[in-house]
Novice: 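Okay, handing you the structure first.
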Number of protein chains: 2
Amino acid sequence: MNIDTQTPTPRGPGRPRQSESEKADVRERLLDAATELAVEQGFEACGLREIATRAEVSPAMISYYFGDRDGLYEAMFGRAFERISEKVAAVMADPLRSGRDRIDDLVAIQVKAIAADPWLPKLVMREVLARNGSPMQEFVSNAVAKGPLQMMVDWIEQEQERHEIRSDYDPRMLAMTIASLTGFPFLMLPLVGDRLGLELDDEFPDRLIAHNQKLLSNALRAHTEEE
Amino acid sequence: MNIDTQTPTPRGPGRPRQSESEKADVRERLLDAATELAVEQGFEACGLREIATRAEVSPAMISYYFGDRDGLYEAMFGRAFERISEKVAAVMADPLRSGRDRIDDLVAIQVKAIAADPWLPKLVMREVLARNGSPMQEFVSNAVAKGPLQMMVDWIEQEQERHEIRSDYDPRMLAMTIASLTGFPFLMLPLVGDRLGLELDDEFPDRLIAHNQKLLSNALRAHTEEE
DNA sequence: GAATTAATCAAACGTTTGATTAATTTTAGC
DNA sequence: GCTAAAATTAATCAAACGTTTGATTAATTC
């Protein structure tokens with residue numbers, strides 16, 4: 001496609017004519033390419049030449065815009081985490097009201113947040129597992145534990161006091177349970193989905209939401225057998 | 001320590017005298033070193049020189065025993081999965097009897113299997129995320145999906161026919177739920193445990209088992225409201 | 001219209017990588 | 001005791017890596 005406005009890419013040296021059709025910033029294209037490749041094969045595994053090739057620029061551009069390899073890495077993660085931070089901030093802004101069915105909302109929000117950017121948790125998980133003791137871990141630890149996770153713990157404690165949730169659960173364990181139920185399937189499915197007859201298609205998030213809502217609703221209710 | 005029986009490691013070429021004190025097979029030492037380093041920093045990130053140095057042999061030994069890098073990689077995973085396979089086989093040999101409380105055994109076995117080798121799921125998860133479309137994914141996919149996961153699915157279907165488990169769950173989703181509840185916390189805890197007041201200590205596996213048993217027991221029971 | 005800056009590339013740099021080779025020594029079989 | 005095989009190392013290889021350099025040209029400023 002669009003062969004007419006672009007030369008067939010054997011481009012010569014010199015500053016190219018600006019705004020020839022509409023192409024994104026080189027800097028932005030490099031970040032996109034780096035992110036894509038990092039999701040596909042891990043950042044450590046892909047060379048700068050590969051990144052530059054996908055961005056359709058020369059490797060020297062990486063030095064030019066980011067200094068060195070680490071600079072590109074940090075810039076890439078910085079941009080990725082901006083999206084997470086925005087989502088966390090949005091959820092925190094609408095604090096969880098009381099009511100047992102409110103947990104349905106919680107599950108739905110969480111699953112949809114992950115499904116919207118399925119590459120992000122994958123990338124985070126990988127890099128966190130990969131770099132032991134890196135500043136990235138501190139970063140993630142803050143973003144996840146202090147954010148949605150702590151929020152869930154607080155809310156669960158509230159609901160237990162109001163007898164909306166069985167009080168014989170450890171709130172922290174329960175928060176981790178919810179995180180597990182919503183996050184882990186997205187990591188597992190590409191691996192075992194085929195052999196299990198499940199696919200990570202458009203319908204899967206809704207199916208996961210429904211399943212988790214049913215399960216948690218049955219598990220958490222404090223009505224049938226208390227007081 | 002033991003400086004007396006070993007030369008201070010500037011060893012010359014040629015076959016070394018056998019049973020000089022008692023040192024393990026070079027092959028085995030290489031596999032140990034590769035596993036350790038793979039857990040610490042990921043297999044892709046560590047060079048053959050580093051592995052050989054830790055095993056206290058020359059890099060050429062890797063070629064000698066494993067052919068090439070991929071050979072070492074496969075041998076390493078093969079050895080690691082033997083342990084898992086043994087455990088799976090043991091569980092399969094004692095087929096899950098019927099009865100609702102039997103799910104308690106299932107959860108306990110799974111958590112204890114992971115807790116016994118906490119580095120294995122970490123390594124598997126990382127390598128699976130890292131190598132997209134590699135033969136290793138096929139390998140893991142077979143070991144995990146065809147093994148414990150499929151076994152759980154079959155068992156759940158049985159129990160649903162016997163009305164021991166609510167029949168309005170998708171067995172495959174339920175199997176994934178159990179895998180999530182038992183596996184994910186081990187990946188999350190090192191990251192968010194501190195900030196949550198939970199630690200991955202000796203007591204944690206038992207705590208996780210108890211929590212999951214309670215949760216699943218409440219969620220799965222088919223008695224209180226059906227027939 | 002001359003001088004300067006910004007953006008880009010091709011080519012080359014020195015380093016490190018996975019892999020191979022040749023030499024060396026012990027062990028085992030005859 | 002000789003010989004062939006096994007096991008190991010030092011030294012080396014080509015290829016790939018991240019990075020730097022010098023040249024080149026569009027755009028901007030004066």
Side-chain angles (χ1 to χ4, degrees), chain A residues 5-34 37-38 41-76, chain B residues 5-34 37-38 41-76 130-131 134 136:
Chain A
T5 56
Q6 271 179 311
T7 47
T9 344
R11 188 142 45 100
R15 180 171 185 163
R17 221 159 297 189
Q18 207 176 26
S19 75
E20 178 189 287
S21 75
E22 19 77 38
K23 56 183 172 184
D25 267 5
V26 169
R27 200 190 127 92
E28 215 64 17
R29 284 219 311 280
L30 276 170
L31 285 174
D32 289 341
L37 285 167
Q41 40 181 271
F43 187 78
E44 325 251 12
C46 65
L48 297 188
R49 277 171 182 75
E50 200 177 359
I51 296 173
T53 300
R54 177 168 299 208
E56 293 180 297
V57 296
S58 94
M61 289 291 90
I62 293 172
S63 248
Y64 185 73
Y65 282 109
F66 306 102
D68 58 2
R69 198 177 203 283
D70 283 348
L72 171 60
Y73 182 80
E74 282 179 32
M76 183 190 82
Chain B
T5 57
Q6 269 179 311
T7 47
T9 345
R11 188 140 45 96
R15 180 174 185 160
R17 217 159 300 189
Q18 205 179 26
S19 75
E20 179 188 287
S21 74
E22 19 77 38
K23 55 183 174 184
D25 267 5
V26 168
R27 200 190 128 90
E28 216 64 18
R29 284 219 310 280
L30 276 170
L31 286 174
D32 289 343
L37 285 167
Q41 42 180 271
F43 187 78
E44 324 252 13
C46 63
L48 297 188
R49 278 170 182 75
E50 199 178 359
I51 296 173
T53 299
R54 178 169 297 208
E56 293 180 297
V57 295
S58 95
M61 288 290 91
I62 292 171
S63 249
Y64 185 72
Y65 282 109
F66 306 103
D68 59 1
R69 196 187 152 84
D70 282 350
L72 170 61
Y73 184 77
E74 282 180 31
M76 184 190 81
R131 306 203 155 190
S134 77
M136 195 48 57

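We name chains A, B, ... by the order of the sequence lines, and we start the count at 1 in each one.
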Novice: Between C/dA19 atom C1' and B/Ile51 atom CD1, what is the distance in whole Å?
Specialist: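 In whole Å, C/dA19 C1' lies 14 Å from B/Ile51 CD1.
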Novice: Specify the closest pair of heavy atoms between A/Arg69 and A/Leu48, including all atoms of both residues, with the distance to one decimal.
Specialist: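 So the minimum-distance heavy-atom pair works out to CG-CD2, 3.9 Å.
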Novice: With respect to the phosphate group of C/dT20, does any side-chain polar atom (N or O) of B/Tyr64 fall under 4.0 Å of OP1 or OP2?
Specialist: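 For C/dT20, OP1/OP2 do not have a side-chain N/O of B/Tyr64 under 4.0 Å.
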Novice: Could you tell me the separation between the CD1 atom of A/Ile62 and the P atom of C/dA7, rounded to a whole number of Å?
Specialist: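 It works out to 17 Å between those atoms.
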Novice: If the cut-off is 4.0 Å, is A/Ser58 near the phosphate of C/dA10, judged by side-chain N/O to OP1 or OP2?
Specialist: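 Checking A/Ser58 against C/dA10: no side-chain N or O falls below 4.0 Å of OP1 or OP2.
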Novice: Between the protein and nucleotides 11-18 of chain C, list every N/O to N/O distance that falls short of 3.5 Å.
Specialist:
from: C/dG18; atom 1: OP1; to: B/Arg69; atom 2: NH1; distance (Å): 2.7
from: C/dG18; atom 1: OP2; to: B/Leu48; atom 2: N; distance (Å): 2.8
from: C/dG18; atom 1: N7; to: B/Arg49; atom 2: NH1; distance (Å): 2.9
from: C/dG18; atom 1: O6; to: B/Arg49; atom 2: NH2; distance (Å): 2.8

Novice: Look up atom CZ in A/Phe43 and atom CG in A/Asp70, then write down how far apart they are to the nearest 0.5 Å.
Specialist: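 Here the rounded value is 7.5 Å.
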Novice: Taking all atoms of both residues into account, what is the closest heavy-atom pair of B/Phe66 and B/Leu72, and its distance?
Specialist: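 Shortest heavy-atom contact: CB-N, 3.5 Å.
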Novice: Judged by each residue's nearest nucleotide on DNA chain D, which is more toward the 5′ side, A/Ala45 or B/Met61?
Specialist: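 Here B/Met61 is the residue nearer the 5' end.
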Novice: Look up atom CZ in B/Arg54 and atom CG in B/Asp32, then write down how far apart they are to the nearest 0.5 Å.
Specialist: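 One gets 10.5 Å once the value is rounded to the nearest 0.5 Å.
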Novice: For residues B/Arg29 and B/Val57, report the shortest heavy-atom separation together with the two atoms involved.
Specialist: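 Closest pair (atom of B/Arg29, atom of B/Val57, distance): NH2-CG1, 3.5 Å.
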Novice: Considering every strand and a 4.0 Å limit on heavy-atom distances, what is the contact class for A/Phe66: base, sugar-phosphate, or nothing?
Specialist: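 No contact.
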Novice: Please report the shortest heavy-atom distance between B/Cys46 and B/Leu37, naming the atom on each side.
Specialist: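 So the minimum-distance heavy-atom pair works out to SG-CB, 3.9 Å.
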